[in-house]
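To find a chain, count down the sequence lines: A is the first, B the second, and so on, and within it residues start at 1.
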Amino acid sequence: MDKTYDPHAIEQRWYETWEKQGHFAPAGTGPAYCIMIPPPNVTGSLHMGHAFQDTIMDALVRYHRMKGDKTLWQAGTDHAGIATQMVVERMLNAEGKTRHDLGRERFIERVWEWKAHSGGTITRQLRHMGASLDWSRERFTMDEGLSAAVQEVFVRLHEEGLIYRGQRLVNWDPVLLTAVSDLEVENHEETGHLWHMRYPRSDGKGHVVVATTRPETMLGDTAVAVHPEDERYRELIGQTVELPLTGRTIPVIADDYVDPEFGTGCVKITPAHDFNDYAVGQRHELPLLNIFTPDARINENGPEAYRGLDRYAARERIVADLESQGLLEKIDPHKLMVPRGDRTHQVVEPYLTDQWFVRAKPLAEEAIKVVEDGRIRFVPDNWAKTYFQWMHNIEDWCISRQIWWGHRIPAWYDEEGKVYVARSEAEARAANGLPADLALRQDEDVLDTWFSSALWPFSTLGWPEPTAELKTFYPTSVLVTGFDIIFFWVARMIMMGCKFMGDVPFHEVYIHGLVRDAHGQKMSKSKGNILDPLDLINGIDLERLLEKRTSGLMQPQMKARIEKLTRKEFPDGIPAFGTDALRFTFAALATTGRDINFDLGRVEGYRNFCNKLWNAARYVLMNTEGQDCGTGADAEELEFSVADRWIASRLQRTEQAVAAAIESYRLDLAAQAIYEFTWNEYCDWYLELSKPVLSDDSSTAAQLRGTRRTLVGVLEALLRLAHPMMPFITEEIWQRVAPLAGKSGQTIMLQPFPRPQAEKIDPGAEAEMRWVMDFILGVRRIRGEMNIAPGRPLEALLENASADDLERARRFEPWLRFLARTPSIAPVNGEAPESAIALVGEMRVLIPMAGLIDKQAELARLDKELGRLRKELERGEAKLTNANFVERAPADVVEKERARVAEMRSSLGNLESQRGKIAAL
RNA sequence: GGGUGCUUAGCUCAGCUGGGAGAGCGUCGCCCUUACAAGGCGAAUGUCGGGGGUUCAAGUCCCUCAGCACCCACCA
């Protein structure tokens with residue numbers, strides 16, 4: 001093995017091997033385990049959120065695969081209607097064309113071409129992450145099969161009246177020229193104005209003042225509303241006012257909706273351009289007057305003077321005209337919530353159009369029930385509340401989009417506009433007895449992307465065909481996703497799954513947090529704080545990083561700032577950490593229910609951890625390859641030392657902790673347990689303790705075998721334990737180590753996940769090791785604090801040692817000599833010389849100070865220790881003299897406290913007498 | 001307006017069903033010791049956001065206040 005860990009030398013070739021050998025396909029004989037990947041946009045490339053999410057899923061999947069479960073991680077991508085169409089349109093624009101120049105057919109061809117050309121980016125990147133997805137089953141939401149599922153669902157829902165078409169006020173993106181759903185609208189507070197406008201009373205008795213944030217919509221007003229109880233305006237109700245600039249007369253109505261406290265207490269009502277006003281209009285049977293064209297210009301319903309003007313140009317003109325007519329009372333600054341499309345970031349308009357809707361309430365009922373009764377469990381469970389809150393207030397879902405890229409709505413119209421919903425035109429004709437010569441044209445619209453996503457858990461498995469895969473893997477085991485798409489996706493999958501499969505789509509929903517930068521800022525292009533997971537894996541130099549962060553900025557003025565920040569944070573660019581280090585970092589940060597702040601320091605730390613593991617393996621191999629590791633030996637030919645039994649015991653506890661952590665979705669705890677065991681126990685202690693055994697000529701063959709077998713055996717198990725989180729390095733090392741441990745197999749991927757064996761837990765060995773460690777740590781502390789070079793041999797004298805202590809000192813002498821550098825260990829003979837002291841239980845280990853240790857320094861050290869001990873002891877004693885504690889606390893707690901106090905008393909006595917001796921010198 | 005989460009060492013965070021405050025990074029010493037300087041050994045650092053309550057015992061449970069973040073919602 002190379003002296004230094006180099007992730008690049010090992011990672012990608014293992015992935016190719018695994019994929020080629022078909023190791024990602026379901027093979028286990030145990031229970032089915034299935035995760036559906038949240039299909040990334042086919043246009044997309046991997047970002048930190050994906051990398052985090054995929055690490056979690058891959059760890060779970062690899063864990064279950066190793067456990068022997070029949071494990072499927074379903075691969076696939078999403079056609080991402082609007083997002084993809086926008087990308088391709090942008091390319092066309094660059095060529096000076098629009099999609100209309102091409103026409104629908106050719107445009108769609110163009111999108112497919114583009115998908116074929118660059119649609120593989122994200123799946124390549126997923127492979128780079130080591131994601132063990134079953135690529136042989138890869139699906140795309142616009143595949144034939146999945147499209148058939150979409151049609152089937154649409155038709156069936158329509159038959160049941162759960163899909164309907166109707167004219168409604170919807171959110172309209174005037175740039176994309178399509179409707180979008182409520183969820184695709186982002187509301188943010190922006191600063192604007194509140195215009196107070198005067199509407200003259202028809203009776204000539206002055207005017208009423210209405211306040212609005214959108215003066216241009218006055219052209220569509222069909223009433224003015226006041227609160228029915230509002231004394232100020234009571235006499236106005238039922239009268240009319242003259243709508244300025246239009247020559248129209250509109251009524252004053254009374255409605256509870258009006259808040260008398262706000263503005264003037266008079267509200268202009270524009271039923272065709274405001275959701276509230278629409279509702280008011282319905283109640284009062286007001287006419288709907290649409291004044292906008294689809295791209296938000298004033299249409300023919302507006303006065304001649306304003307026609308063709310963009311909404312904002314119209315606003316200016318109208319305000320100016322009102323002003324000049326003395327009809328503008330005042331303009332106040334005002335903060336308001338502005339709705340913008342999540343793709344275009346343009347202000348969306350409530351707009352009256354014909355659209356298709358899913359009747360959500362009936363579907364939501366069952367979807368609520370399955371979470372209530374625990375058939376679906378959210379992890380962490382507080383997300384269930386969020387889910388319920390939305391589901392209980394769910395509105396109908398607008399599913400039609402006026403774009404071209406997507407699933408065409410399976411509905412046909414005859415010349416009279418009568419609609420026929422069917423799986424195909426032929427079926428539409430057959431089912432309705434339409435003659436072949438009757439012209440039918442298919443609905444131009446496509447479905448919301450999330451409509452097909454909602455079917456993902458069963459459409460990918462072959463539905464509506466009753467496939468074996470459906471039978472095996474549905475319901476799937478767990479869905480791993482971010483909270484941001486609980487409504488978009490999770491809720492809709494649950495509704496559709498329950499409806500069409502008669503069962504939940506998954507048993508658990510693991511909701512992870514958002515990946516933020518090191519300081520908790522959201523990562524965004526405009527902030528210039530984006531990290532690309534691939535750059536963390538492969539490294540990137542400063543120049544290329546700057547180029548990436550500053551090119552294509554929406555706000556070029558940010559460039560200098562971003563550049564400065566980047567130079568400061570990454571003066572040398574980003575080193576290549578490798579996939580395993582990145583994955584382990586994500587795992588270690590994966591606490592549930594909380595956003596994670598991604599700190600590069602953590603990656604570096606875990607890269608070092610990989611290096612540590614690598615070097616530990618090198619040590620093990622150097623000492624075992626070509627040697628007798630006792631794998632074939634009988635029990636009597638193997639002798640296990642206390643250290644051997646100790647590390648085996650610790651391994652069992654670690655295995656137990658890791659499995660429990662993974663089962664409860666606490667990858668952070670699993671990572672921590674692996675890290676601590678590997679570094680603090682296996683490397684820091686066990687490998688060190690193995691050295692004197694292996695290098696001592698007097699070690700017996702049985703002892704050598706026992707040590708080698710333990711070295712190799714623990715490492716081999718550790719590799720399997722860590723594999724779900726660090727697949728590459730563990731595979732690379734395992735290939736070398738496994739044969740030495742008597743294991744065989746093509747890959748670590750399919751080896752059994754370590755199962756703790758209770759009989760290997762050895763409290764006796766753990767206690768003896770505690771003694772050894774206390775001895776060594778005590779001497780080391782003296783060295784450290786007295787600035788004695790680590791290599792300098794020290795004489796150690798034992799005082800107040802029991803027979804047990806003396807026996808241990810003898811038995812463990814090689815370890816103590818090696819790790820504490822104490823070539824001579826002997827009981828005190830007669831008067832003890834002036835010494836520094838370390839306590840091992842009741843025994844005092846004395847290090848003679850002669851020529852080495854300064855008296856004052858040792859006194860200071862003792863005083864510090866004494867101070868700490870006295871404080872602790874005081875607290876413990878206070879507890880024990882408290883009758884309430886002794887009577888009410890559980891017996892074992894009291895007992896533990898007693899033992900602790902006794903131990904502290906003894907230590908205190910020991911140290912005090914030692915201090916006395918030294919002080920007296 | 002409704003809801004959720006967070007506040008623990010300089011920084012980023014663990015702390016599970018209440019019983020001796022932890023990790024990583026950073027900092028400070030001593031070491032290139034024959035797996036690893038991407039390392040070894042040792043050290044320092046916290047009125048666990050404030051206040052109140054329950055309890056023998058509270059970082060942990062309850063109430064309250066403050067600050068931060070996010071989600072949902074039609075106030076013109």
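What separates CD of A:Q672 from C1' of B:C16 is a distance of 12 Å, to the nearest Å. Atom CE in A:M391 sits about 14 Å away from atom P in B:A73, given to the nearest Å. The distance between atom CZ of A:R875 and atom P of B:G19, rounded to the nearest whole Å, is 13 Å. To the nearest angstrom, P of B:A76 lies 17 Å from NE2 of A:H227. Remark: P of B:A44 and NZ of A:K864 are 4 Å apart, rounded to the nearest angstrom. As rounded to whole Å, 12 Å separates atom P of B:A73 from atom NE2 of A:H188. Rounded to an integer number of Å, the gap from CG of A:N187 to P of B:C71 is 11 Å. Rounded to an integer number of Å, the gap from A:N615 CG to B:G40 P is 10 Å.
Between A:N393 and B:A73 there is no side-chain polar atom (N or O) within less than 4.0 angstrom of OP1 or OP2. At the phosphate of B:C13, OP1 or OP2 sits under 4.0 Å from a side-chain N or O atom of A:N597. For the pair A:K612 and B:G39, the criterion of a side-chain N or O lying under 4.0 Å from OP1 or OP2 is not met. Listed pair A:K268 / B:A76 fails the phosphate criterion, with no side-chain N or O lying under 4.0 Å from OP1 or OP2. At B:A14, one or more side-chain N or O atoms of A:R594 fall inside 4.0 Å of OP1 or OP2 (strictly under the cut-off). Regarding contacts with the backbone of B:G3, every side-chain N or O of A:W383 stays at 4.0 angstrom or more from both OP1 and OP2.
Counting any heavy atom pair closer than 4.0 Å across all strands shown, A:A518 reaches sugar-phosphate atoms only and no base atom. Residue contacts shown for A:Y606 are absent, as no nucleic acid heavy atom lies under 4.0 Å away. If you check every strand for non-hydrogen atoms under 4.0 Å, A:E186 touches nothing. Within the 4.0 angstrom heavy-atom criterion, no nucleotide atom of any strand lies near A:R817. Residue contacts for A:M337: at a heavy-atom cut-off of 4.0 Å it reaches a base atom on one of the strands shown. As judged by a 4.0 angstrom heavy-atom cut-off over every strand, A:R780 is placed among residues touching the sugar-phosphate backbone only. A:E872 comes within 4.0 angstrom of sugar-phosphate atoms only, judged by non-hydrogen atoms across all strands, and of no base. Here A:C266 lies out of heavy-atom contact (under 4.0 Å) with every strand. Here A:R214 lies out of heavy-atom contact (under 4.0 Å) with every strand. If you check every strand for non-hydrogen atoms under 4.0 Å, A:D259 touches a base. The residue A:T212 sits close only to the backbone: its heavy atoms come under 4.0 Å of sugar-phosphate atoms, none of a base. A:R781 comes within contact range of the sugar-phosphate backbone alone, with a heavy-atom separation under 4.0 Å but no base atom that close. At the heavy-atom level, A:L621 lies nowhere under 4.0 Å from the strands shown. No contact: A:R783 has no heavy atom under 4.0 Å from any strand.
For the pair A:T270 (side chain) and A:A272 (backbone), a donor-acceptor distance under 3.5 Å is absent. For A:D274 (side chain) and A:D277 (main-chain N/O), a donor-acceptor pair under 3.5 Å exists by modelled atom type. Checked by atom type and distance alone, the side chain of A:H227 pairs as donor or acceptor with a backbone atom of A:E229 at under 3.5 Å. In this structure a side-chain-to-backbone donor-acceptor pair under 3.5 Å is missing from A:W815 to A:V693.
Comparing atom distances between the A:V893 side chain and each of B:C71, B:A35, B:G19 picks out B:G19 as nearest. Ranking B:A35, B:G39, B:U33 by closeness to the A:W679 side chain, first place goes to B:G39. The side chain of A:P890 has B:G19 as its nearest neighbour among B:G19, B:A69, B:G3. Checking B:G24, B:A76, B:A35 against the side-chain heavy atoms of A:Y619 singles out B:A35 as nearest. In the set B:G39, B:G40, B:A44, the nucleotide with an atom closest to the side chain of A:N608 is B:G39. When each of B:C75, B:C74, B:U12 is scored by its nearest atom to the side-chain atoms of A:F262, the top-ranked nucleotide is B:C75. Of the listed nucleotides (B:A76, B:A14, B:G42), B:A14 has the atom at the smallest distance from the side chain of A:R666. Taking the side chain of A:F487 as heavy atoms from C-beta on, and the options B:C71, B:A35, B:G19, the nearest nucleotide is B:C71. Checking B:C70, B:A38, B:A43 against the side-chain heavy atoms of A:Y5 singles out B:A38 as nearest.
Judged by distance alone, with hydrogens and angles left aside, A:K522 brings no side-chain donor or acceptor close enough to the base of B:A69 to form a pair under 3.5 Å. A donor-acceptor contact under 3.5 angstrom links the side-chain atoms of A:E688 to the base of B:A35.
Aromatic ring centres of A:W383 and A:F378: separated by at least 6.0 Å. Ring centroid separation for the pair A:Y606 and A:F577 does not come in under the 6.0 Å cut-off.
Where A:K385 and A:D6 each meet RNA chain B at their nearest nucleotide, the meeting point lying more 5' is that of A:K385. Comparing A:V886 and A:N611, the nucleotide of RNA chain B nearest to each residue sits closer to the 5' end for A:N611.
As rounded to the nearest Å, B:A66 and B:G26 have C1' atoms that lie 30 Å from one another. Taking atom P on both nucleotides, B:U33 is separated from B:U45 by 31 Å, rounded to a whole Å. Taking atom P in both B:G39 and B:A57, the straight-line distance is 46 Å, to the nearest Å. Distance noted for atom P between B:A38 and B:U47: 35 Å (whole Å).
Using Watson-Crick or G-U wobble geometry with both donor-acceptor distances under 3.5 Å, B:A57 finds no partner in any strand shown. The base-pairing partner of B:C48, taking Watson-Crick or G-U wobble contacts with both distances under 3.5 Å, does not exist among the strands shown. Under the Watson-Crick or G-U wobble criterion, with both distances below 3.5 Å, B:C75 has no partner in any strand shown. Pairing for B:C41 is with B:G29, a Watson-Crick or G-U wobble pair whose two hydrogen-bonding atom distances lie under 3.5 Å. Base-pair partner of B:C13: B:G22 (Watson-Crick or G-U wobble, both distances under 3.5 Å). Nucleotide B:U4 forms a Watson-Crick or G-U wobble pair with B:A69, both donor-acceptor distances falling under 3.5 Å.
Under the 3.5 Å distance criterion, with hydrogens and angles disregarded, no donor-acceptor pair is assigned to the side chains of A:T591 and A:D668.
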Kindly determine whether A:Y675 and A:N680 satisfy side-chain hydrogen bond (donor to acceptor under 3.5 Å, both in side chains), including the steps that lead there.
CA-CA 8 Å; A:Y675 184 98; A:N680 304 340; over 6 Å; no
Run the side-chain hydrogen bond (donor to acceptor under 3.5 Å, both in side chains) check on A:Y619 and A:S690 step by step: do they pass?
CA-CA 11 Å; A:Y619 169 80; A:S690 75; 2.7 Å; yes
What do the steps show when you test A:D332 against A:K330 for salt bridge (charged side-chain N to carboxylate O under 4.0 Å, His left out), and what is the final call?
CA-CA 6 Å; A:D332 287 341; A:K330 60 172 175 175; 3.4 Å; yes
